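The structure appears below as structure tokens.
If you're wondering where the values come from, they're calculated on a predicted model, not measured in any experiment. First the proteins, then the strands, lettered A, B, ... as listed; each starts at 1.
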Amino acid sequence: MKELPKTYEPNDIELRLIDFWNKNKFYAPDNNSTKPKYSIVIPPPNVTGNLTMGHMLNNTIQDIYARWKRMSGFNTLWLPGADHAGIATQTVVEGKLREEGLSRYDLGRGKFVEKVWEWKDIYHKNIVAQLTRMGASVDWQRERFTMDEGLSIAVRKVFVDLYKKGLIYKGKRIINWDPEQQTALSDEEVIYQEMNDKLYYVKYPLLDDERKFIIIATTRPETMLGDTAVAVNPNDERYTGISGKKVLLPIVDKAIPVIADEYVEMGFGTGALKITPAHDPNDFMIGEKYKLESVQVIDHTGKMNEHAGMYSGIDRFEARMKIVQKLKELGLIEKIEDYTHNVGFSERGGAQVEPYLSDQWFVSMKPLAEAALNAVRTGEIKFHPQRWTKTYENWMTNIRDWCISRQLWWGHQIPVWYNKNNDEIYCEVTPPKDIENWEQDPDVLDTWFSSWLWPFSTMGWPENTDDLKKYFPTDFLSTAPDIIFFWVARMIMASLEFTGKIPFSDVYFHNIVRDEMGRKMSKSLGNSPDVIEVMNKYGTDALRFTLVYLAPQGTDIYYANEKCEIGRNFANKLWNAARFLLMKKEQSRGASIPFEQDIFDKWIQSRLQSTIKAYLKALNEFKINEASAALYDFIWGDFCDWYIEILKIKANDNPDSAEAIFENAINIFDDALKLLHPVMPFITEELWQGIKERKENESISISNMPEIQDTLIDVNAEENIILIQQLMASARNMRAEMGLSPSVKCDITVNCKTEKDAELLVSTKNYIKSLAKIEAFEIETKKETPSYKSVTSVVGHYQLYLKIEGLIDVEQEKTKLNKEIERTEGFIISITKKLSNENFVSKASSEVVENEKKKLDDNRQKLEKLKEHYKLIVS
RNA sequence: GGGCGGUUAGCUCAGCUGGUUCAGAGCGCCUGCCUUACAAGCAGGAUGUCGGGGGUUCGAAUCCCUCACUGCCCACCA
């Protein structure tokens, strides 16, 4: 048995236990086990990342489920890992190089990638340390990284497969281009932000009459150098007869056609639209339709290119200013208006995204989407909270092709080789044999193209491994809602396509953690507290408990460090309760004559069972805050506040049974610790080791979760104890109102309605006397008021009288009684009304009606007693 | 423009498969306590027309409609 120090020091405990758990490999599942399996998909964090509060919450949730299931008889796999985070990692490493005055081109592709691997190792250690520190019960032996050999084979296999099915294609499209990172991005990697900009009205002279103009409104005058048409709506009377004519593109001095297409919104700007197929997705569409030429004027670095004439080599935003200046000089600016619109930025790099015409690889998503949509619609995969299914459906039914090629070096290079001598294309998992005749596509794949295989690639797919057979499909995914499209939807599509199975059955979308100003906590904003610091200050258990306690399903959490006091205080409470029980047991060693179970013992057992029930229900419904609240209320509200206080008295009254009494309490506490262990793994392990003798390699984390024992549920005891608690609260309240010092004992008489009511009090008399500091405690069934001067209150079938020495403040007492009388009268009136309402009596269930009648009866009696007492005081 | 949430005590939020265990918890506040673990504690207390309006119902914080404010996601008409 371990000694429990007087004060609770979480840090020492945590470091020691991490070591203990690791050494014993408690969290490696057993492949030979016949127990049912439970497997969890971890959202692999970016290797570059520090854990944010969001990760902390997510990993805590996963750990709760892992530990809970493990203790409930499941062979549990929680497989950790990280993803290579293509853009993010490459950006970081390039930044480091820049500090040394180097660029990736100075190193060359091979050396650069080597360098990234070095950095990856450093970051990776950090992630492992953080996950370990927060107590994640993952199986480190199975750790995976998206660029591991096995996972890379899976990526190539999937690419080749889709390519051969015709679902991967290469094409010239307008994509989102990041001019800083110089790579294509998928639609999901672009974030739109509202910007205050200008809307420029530019005059385009008609070719056959240069005194006449078409005025065009644009936010991006620099792209006009690439205009190849002007479009108007055919129904627009302002432009009747103008379609088919030509206008002279200013500055470039090129004749371009005016076309008519219904796509043009008549209400916007001037109703005339410039068409720049190379720099706008919609213009591109129109360009295709009318077979217009595409003129690219901005290059891959965001600078104007050779087609921009005198502006060539100038940055796009600078060129805008210069072109506007030039147009002004030419008298071709009609006006400039302020204009607010949404502009896209790179999710990772932050650069303003350029719609850019380029050759990229795409996945046709429509064919993959249908099965994935059905899996969720039929409930085979369940989302929690459920409303996310709607978001999912919306996206899936409007899904667009996925641009998967990235012009980066860090990532899975596309498994496509081009023959140097002819047009032949080779696409296989392994490189061509005569490699010297081939050149591999230089692009790498979007990181999500490896992440979407995560649930099965980490288990060894495409090999049909034992792990895959045993643990796939998985059971549970907990993730942030903001990656539902990036990741969740794509995993479902990939899994169904390549394994024919769903990847997981339950998806929990956890809360977004925000700071107190309501901003999402993120690395880029730097507003997430350092989780390690918080753990050091409050304890990991405190942080874990606080997060889930504050996290009702489907809401956001407004987090501030001080809130961790909830968890810390709770941990402290636990610690002291354990210490106290142990101390008392030690003190009373040998006094182990069996004791009689009284109503309080039955009550606490029953409360424990109700708590287990509520806890399991909550976890099964993914209401983690309710699960943790159930434990908090039981341990603090029932066990510590009431049961331990009762035990003190009981042990005093039964000195020969004292050890047995505390032994019994420790057994209950033992169960409570097990229930709490998934949420607060460290302190529960430490106390569990401390309260009883354990074997060397015994751990609460692999012990058995208590099961519900229906025979121990005692509704009657629970109801009666509530009454006694109310009665005591009422007695204490009267004491306080009368200004009695807590050290002074008082006399109380209780009038009971029935003999049965009286029996309850008689059986618990000692406890009540002691806890409410009562000297003379009379329990009567007579209807008379006591002979002494008193104040009174009514609880259920009990009327309490507190004896008053000396004078009472008659006026104050009258006011109080009057208030209570009025309230009771009002209540009686409302029930009477209800009961005399024929509709109520006939339509409400008989149970409800009976209940109301009983209430009416009770309150009439109460009123009578109150009035009686009032008379007494006044006289 | 389309979709999804939120609005309950000073603050952060539970409750929302309709009926005094429905008006709650924690923090904060007030009063009194170092009472045989815990002052990170104990006992007691105050505080709310459950966003506004309308409806369904015998009965609504809970269901429906509507308005207001607020947050998020998707689309991106230059």
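- At the heavy-atom level, A/Ala729 lies under 4.0 Å from the strands shown only through sugar-phosphate atoms.
- Side chains of A/Tyr538 and A/Asn536: a donor-acceptor N/O pair is absent below 3.5 angstrom, by distance only.
- Nucleotides B/A68 and B/A25 have their C1' atoms positioned 29 Å apart, rounded to a whole Å.
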Show each protein N/O and nucleotides 40-42 of chain B N/O combination with a separation under 3.5 Å, one pair to a line.
residue : atom : partner  : partner atom : Å
B/A40   : O4'  : A/Asn569 : OD1          : 3.2
B/A40   : O2'  : A/Asn572 : OD1          : 3.1
B/A40   : N3   : A/Arg568 : NE           : 3.4
B/G41   : OP1  : A/Asn569 : ND2          : 3.1
B/G41   : O3'  : A/Lys573 : NZ           : 3.1
B/C42   : OP1  : A/Lys573 : NZ           : 3.0
B/C42   : OP1  : A/Trp636 : NE1          : 2.7
B/C42   : OP1  : A/Asp641 : OD1          : 3.3

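- Separating the P atom of B/U7 from that of B/G44 is a span of 31 Å, rounded to the nearest Å.
- The pair A/Glu354-A/Arg220 counts as a salt bridge, with a side-chain nitrogen and a carboxylate oxygen less than 4.0 angstrom apart.
- Take A/Asp857 and apply the side chain to side chain donor-acceptor pair (under 3.5 Å) test, not counting sequence neighbours, and it matches no residue.
- When distances are taken from the side chain of A/Tyr549 to each of B/G44, B/A25, B/U36, the shortest belongs to B/A25.
- Here the side chains of A/Trp575 and A/Glu686 are in contact, with some heavy-atom distance below 4.5 Å.
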Which atoms of nucleotides 2-9 of chain B (N or O only) lie under 3.5 Å from a protein N or O atom, and what are those distances?
residue : atom : partner  : partner atom : Å
B/G3    : O2'  : A/Asn394 : ND2          : 3.4
B/C4    : OP1  : A/Lys390 : NZ           : 3.1

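- Of the two residues contacting RNA chain B, namely A/Asp633 and A/Glu188, the nearest-nucleotide position lying further toward the 5' end is that of A/Asp633.
- Judged purely by distance below 3.5 Å, without hydrogens or angles, the side chains of A/Glu189 and A/Ser346 never pair a donor atom with an acceptor atom.
- Between A/Trp388 and A/Phe383, the distance separating the two ring centers is not shorter than 6.0 angstrom.
- Side-chain proximity of A/Asn342 to B/A78, B/G26, B/C76: nearest is B/C76.
- Between the CG atom of A/Leu740 and the P atom of B/U35 there is a distance of 19 Å, rounded to whole Å.
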Quiz: residues 723-731 of chain A side-chain donor-acceptor pairs under 3.5 angstrom, not counting sequence neighbours:
residue  : atom : partner  : partner atom : Å
A/Ser730 : OG   : A/Ser793 : OG           : 2.6

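- Between the C1' atoms of B/G2 and B/A60, the separation comes to 31 Å (whole Å).
- The distance between atom CG of A/Leu802 and atom P of B/G44, rounded to the nearest whole Å, is 15 Å.
- As a whole-Å value, the separation of A/Met285 CE from B/A78 C1' is 12 Å.
- For the P atoms, the distance from B/C65 to B/G5 is 12 Å, rounded to whole Å.
- Between A/Asp197 atom CG and B/A78 atom P there is a gap of 10 Å when expressed in whole angstrom units.
- Residue A/Asn576 has its side chain nearest to B/C38 when only B/G44, B/C38, B/U12 are considered.
- Comparing atom distances between the A/Tyr632 side chain and each of B/C38, B/G26, B/A75 picks out B/G26 as nearest.
- With hydrogens and angles left out, the side chain of A/Glu645 and the base of B/A37 share a donor-acceptor pair within 3.5 Å.
- Using a cut-off of 4.0 Å between Lys/Arg side-chain N and Asp/Glu carboxylate O, A/Arg490 and A/Glu188 are scored as salt-bridged.
- Checked for salt-bridge contact, A/Glu393 and A/Arg377 meet the test: a charged N lies under 4.0 Å from a carboxylate O.
- Going from the C1' atom of B/C16 to that of B/A61 covers 7 Å, rounded to whole Å.
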Could you provide the dot-bracket string of RNA chain B, using ( ) for intrastrand pairs, [ ] for crossing pairs and | for bases paired to another strand, with Watson-Crick or G-U pairs below 3.5 Å? (((((((..((((.....[....)))).(((((.......))))).....(((((..]....))))))))))))....
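- Atom C1' of B/G10 sits at a distance of 31 Å from the matching atom of B/C4, rounded to the whole Å.
- The nearest whole Å value for the distance from the CD1 atom in A/Ile566 to the P atom in B/C13 is 11 Å.
- Between A/Arg735 and A/Glu737 there is no salt bridge, since no side-chain N of the basic residue sits under 4.0 Å from a carboxylate O of the acidic one.
- Annotation: B/G53 and B/U47 have their P atoms spaced 23 Å apart (nearest Å).
- When heavy atoms are screened at a 4.0 angstrom cut-off, A/Tyr538 is found touching no nucleic acid atom at all.
- Proximity of the aromatic rings of A/Phe545 and A/Tyr632 is defined here by a centroid distance below 6.0 angstrom, and this criterion is met.
- At the phosphate of B/G45, OP1 or OP2 sits under 4.0 Å from a side-chain N or O atom of A/Asn733.
- Shown here is A/Lys769, whose NZ atom has more than 12 heavy atoms of other residues, nucleotides or ligands within 6.0 Å.
- Across all strands, A/Glu719 comes closer than 4.0 Å to no nucleic acid atom at all (heavy-atom distances).
- Note: CD1 (A/Ile774) to C1' (B/U35) measures 16 Å, nearest angstrom.
- Here the nucleotide nearest the side chain of A/Phe485, chosen from B/U36, B/U12, B/C73, is B/C73.
- Using P as the reference atom, B/C42 and B/G55 are 48 Å apart when rounded to the nearest Å.
- Atom CG of residue A/Leu581 and atom CZ of residue A/Phe662 lie 7.0 Å apart, to the nearest 0.5 angstrom.
- To the nearest angstrom, C1' of B/C76 lies 9 Å from CZ of A/Arg400.
- What separates CH2 of A/Trp642 from C1' of B/A43 is a distance of 10 Å, to the nearest Å.
- Closest to the A/Tyr192 side chain, of the nucleotides B/A78, B/C76, B/A37, is B/C76.
- Scanning for side chain to side chain donor-acceptor pair (under 3.5 Å) contacts around A/Asp227 gives A/Tyr204, A/Lys274, A/Thr276, with sequence neighbours left out.
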